[in-house]
Amino acid sequence: VDQPLVPDGENILRAVFSNECDNQRGPFSSVFTGGDVSVSRPRLIPLNEHWGLFRRHVQKPPQRMLLFFLEINVAHLRDLGRNHTAKPTEIHVEEQPCDWNPAHARIVEDLPKGLAKKIIKECSRHDPPSWNTVSY
Amino acid sequence: MSACPSIASIFMPSERNSPTAGTLGTVMQRDAGDAAKDAVVLQKLGKTGWQRLYEFRTYYTQGWGEGDGQPVSPAALEALYGFLEGLELQPGMIPSVYLLKDGSLGLAWEDVAQNEIEVCFRSKEIRYYRGSDETELEFASNRAAELGRIANRLGSNR
């Protein structure tokens, strides 16, 4: 871990796109697995500004659509990692500002699938403010 | 090499008129055997799964997402095909397919007891996850077909 860590008191947002989620089963474990998972910090940029930011820079319609954001507190995330009985995991969320998103951060570790699924269940889900049906 | 547009033309009739079809994606020449693979994908993953896999293969080119996304790994794709050929699920049980940033492919479904199963096809290995007891197993990619055949038994851990 090279960069400063995002403080435990902050929340993080994980943007979920159509390649990692479907209508039938919702978000897959890949949302939080693989390591180097991109997240964003609503403390620096409010959630309502994230929609435009991610649509402009990351979404590639019509195939890759931004569907919703998942939000979780960093301390809670780390607790879930430590308490994951199948494989206790020390999770680090590292600051990683980039040109298009100064609030960008990353989850460093490659998390077990079971832990990723647990985290997804613990997240708050934020759908787009003006939700309309997206086919994916 | 021969173009094999048959299944694509059935499910993507408006593709030629899409503003992105020729600008963002790369529609590649296909091998003759791809028709058989298409048929397997269609049979096991249904129209939605076939269409999603088609989009992953065609439109998710180098640098997708935040600039570091990898195109579908050919080795992962071959492992997925091999797995699906051997996979026998109960009628109506249709896995979902997803794409990861590193070009890996994943399948997700539920076993007869509604426990989650996920199989991730990476370039060099296959990772199997069983939600009932949070078992995670790793297999060599060349065991894809074998894993597909025993997936039902792996799902039932009783």
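The model shown is predicted, which means the values in this text are computed figures rather than measured ones. Each chain gets a letter, A, B and so on, in the order its sequence line appears, and its residues count up from 1. Heavy atoms only: backbone and side chains are in, while hydrogens, waters and symmetry mates are out.
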Treat each ILVMFWY residue as a node, draw an edge where side-chain heavy atoms are under 4.5 Å apart, and state whether [X] and [Y] are in one component.
X	Y	answer
B/Tyr98	B/Leu147	no
A/Val93	A/Val16	yes
B/Leu100	B/Phe139	no
B/Phe121	B/Leu99	yes
B/Tyr54	B/Leu105	yes

I'd like to know whether CG of A/Asp99 has more than 12 heavy-atom contacts from other residues, nucleotides or ligands below 6.0 angstrom.
no
The interface call for B/Glu116 against chain A, heavy-atom contacts under 4.5 Å, is side chain
Hits for ring pair (Phe, Tyr, Trp, His ring centres under 6.0 Å) against A/His50, two or more places apart or cross-chain, chain-then-number order -> A/Phe54, A/Phe69
Sequence neighbours excluded, the answer for ring pair (Phe, Tyr, Trp, His ring centres under 6.0 Å) partners of B/Phe56 is B/Tyr60
Applying salt bridge (charged side-chain N to carboxylate O under 4.0 Å, His left out) to A/Glu49 and not counting sequence neighbours gives none
Pair count under 4.5 Å, heavy atoms only, with chain B: among A/Lys117, A/His57, A/His104, highest is A/Lys117
The residue among A/Lys60, A/Arg64, A/Gln63 that forms side chain to side chain contact (heavy atoms under 4.5 Å, CB included) with B/Tyr59 is A/Gln63
Answer key: most heavy-atom pairs under 4.5 Å with chain A among B/Glu134, B/Arg127, B/Glu118 is B/Glu118
Rounded to the nearest 0.5 angstrom, the CG-OG1 distance for A/Asn23 and B/Thr48 is 8.5 Å
Separation between CZ (A/Arg25) and CD1 (B/Ile94), nearest 0.5 Å, reads 8.5 Å
Measuring only between side-chain heavy atoms, which start at C-beta, is [X] closer than 4.5 Å to [Y]?
X	Y	value
A/Asn19	B/Trp64	yes
A/Asp22	B/Arg52	yes
B/Tyr129	A/Ser29	no

Listed by number, the residues in residues 72-89 of chain A that come under 4.5 Å of chain B (heavy atom to heavy atom) are A/His84, A/Ala86
| message | Can a donor-acceptor pair be found, under 3.5 Å and without considering hydrogens, that links the side chain of B/Glu66 to the backbone of A/Val58? | response | no
When the 4.5 angstrom heavy-atom criterion is applied to A/Asp36 and chain B, the contacting part is both
_B/Lys101/A/Asp110 ion pair, N-O < 4.0 Å_ = no
